[in-house]
Amino acid sequence: MSYTDAFFYFFAALTVGSALVVTFSRSVIYAAFALLFTFLGVAGLYVLLQADFLAVAQIMVYVGGILILLLFGVMLTTRVTNAEITTGTVQGLPATVVVGILLGTLILLVSRATWNVQESLPDVTGTTTEIGERLLTTFLLPFEIAGILLLVAIMGAAMIARSTDKTKEAA
Amino acid sequence: MDVLDIAIALIKIVVMFVVVLLTVAELVYTERKISAWIQNRVGPNRVGWLGLLQPYADVVKLLLKEDIVPAAANRFIHTLAPVISIGVAFSTLAVIPIAGPTITLFGRTVHMVIADVNVGILYVLALTSMGVYGLTLSGWASNNKYSLLGGLRSAAQMISYELSMGLSLIGVIMITGSLQLTDIVHHQHGWMWNLVLQPVGFITFLVASFAETNRAPFDLPEAEPELVGGYHTEYSSFKFALFFLAEYANMITSSAVITTLYLGGWQVPYLETFGLSDGWMVLVQILAFMLKVAFLLFFFQWVRWSVPRFRYDQLMNLGWKVMLPLAIANIVLTGALLLFL
């Protein structure tokens with residue numbers, strides 16, 4: 001087993017293990033915390049696939065942005081003194097059926113699909129330039145549309161936050 | 001990648017680690033001395049010559065204290081939080097180049113950087129954004145109102161200033177055309193430091209760095225008059241020492257990052273005209289790098305003891321209404337200059 005393999009299994013175990021904690025943990029804080037390690041594991045897998053830009057973007061966006069807001073939300077909604085929002089289990093039977101069907105379908109698809117497997121990775125040194133050029137030439141329109149979508153979302157969020165400010169003291 | 005390569009990498013890591021730890025110890029000393037001079041006091045002068053051994057006495061004192069975890073605290077996260085803080089503070093240094101030429105050691109060419117990552121700048125930003133976790137989680141896990149408020153403030157503050165930090169960097173990236181830190185340093189040849197080319201970006205980045213390291217005047221997460229000790233109120237002994245260490249290690253890290261990005265890194269103007277051998281070049285450049293970092297560290301402490309703390313609304317106003325527009329204006333200006341010049 002080479003170093004790369006060892007690292008792959010380490011990151012894969014980290015990703016799957018912490019994802020299991022996310023799913024089964026009763027405490028929302030623990031789930032959010034475990035999600036941190038899931039994101040880190042995925043970033044590690046990206047590094048092994050020589051997708052350096054994607055790996056760092058993954059950490060910046062998910063770990064540095066989304067997850068911290070998630071934790072922020074949980075902490076503010078939890079009462080400080082007696083902590084922990086817990087997640088409960090409802091609708092056990094229907095959920096099991098739906099998840100069972102989904103799992104079966106996925107296993108069927110994974111086993112039947114013809115995977116485009118490469119023996120070794122092409123020797124890439126840095127993907128950033130390539131990604132940047134593609135985004136501003138070939139994929140310019142989707143890129144701009146995504147940008148506008150995000151801008152609209154930001155403005156919408158700001159509007160919603162603003163209207164509640166009038167009734168309540170700003171935090 | 002064989003054993004020797006791994007050994008060389010490990011040696012670099014250990015050297016970096018030891019140097020930073022020793023620097024932190026002396027930083028605590030200089031902080032106390034500088035504050036003393038500014039406030040017209042004497043400062044530590046009893047332990048060792050001129051009090052130079054004071055920080056070591058402090059460390060021993062801290063480690064001998066009882067480690068108290070509040071009964072209602074979340075033990076696991078309470079213990080993990082300082083580890084995250086310290087880990088993040090140290091890992092950023094891995095991508096900072098400290099000298100240009102390579103030296104030959106055991107028949108290998110050794111680069112004067114631990115890991116020359118392609119996406120160096122983004123790596124720095126990503127790790128900076130992870131630094132929030134140590135503070136926020138420690139605040140939450142302590143199960144104390146003051147700690148929680150400190151943690152939340154740190155999260156809000158760091159998210160706000162991270163934005164202007166990232167945006168002020170874009171000017172540097174546009175000039176250099178690379179995210180690799182070694183490229184950025186090579187590009188600042190002679191006197192063409194990014195400080196000269198990007199004065200506005202330098203100022204916004206510097207201010208954002210102060211906010212990111214939670215140093216005064218942005219030390220709201222631990223504002224003593226309002227929050228007791230902020231996020232580390234419930235920490236004692238070794239864990240408190242770790243937070244303390246992380247704060248100073250963060251200062252060193254941001255000084256190193258600022259030096260690399262704006263003060264030319266290891267570049268010494270006209271050094272190559274002296275015709276030195278590579279070994280001497282490396283030595284001089286490491287020295288120059290450390291001098292620049294030392295000056296920034298002094299600047300950090302100078303500001304801390306000269307400028308009063310911001311109020312929370314002033315902090316947010318500055319971050320969103322001054323820093324952010326300035327950083328964006330800097331990008332537009334840089335783009336226009338690059339296009340028309």
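All chains are named by letter (A, B, ...) in the order of the sequence lines, taking the proteins before the strands, and each is independently numbered beginning at 1.
The distance from the OG atom of B:S129 to the CG atom of A:L67 is 10.5 Å, given to the nearest 0.5 Å. Distance check: B:L137 CG to A:F33 CZ gives 5.0 Å after rounding to the nearest 0.5 Å. Here the CG-CD1 distance, from B:L127 to A:I59, works out to 7.0 Å after rounding to the nearest 0.5 Å.
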>> Using side chain to side chain contact (heavy atoms under 4.5 Å, CB included), reason through A:D52 and B:Y123 one step at a time and then give a plain yes or no.
In response: CA-CA 10 Å; A:D52 47 2; B:Y123 172 86; over 6 Å; no
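With a threshold of 4.5 angstrom between heavy atoms, B:I121 does not approach chain A through any atom at all. For B:Q180, no part lies under 4.5 angstrom from a heavy atom of chain A. Interface residue B:L179: only side-chain heavy atoms are found under 4.5 Å from chain A.
Between chain B and the options A:V61, A:V63, A:L36, heavy-atom pairs under 4.5 Å are most frequent for A:V63.
Contact annotation: the side chain of B:M130 approaches that of A:L40 to within less than 4.5 Å [non-hydrogen atoms, C-beta and beyond].
Within 6.0 Å of atom CZ in A:F11, more than 12 heavy atoms from other residues, nucleotides or ligands are found, so the atom counts as buried in its surroundings.
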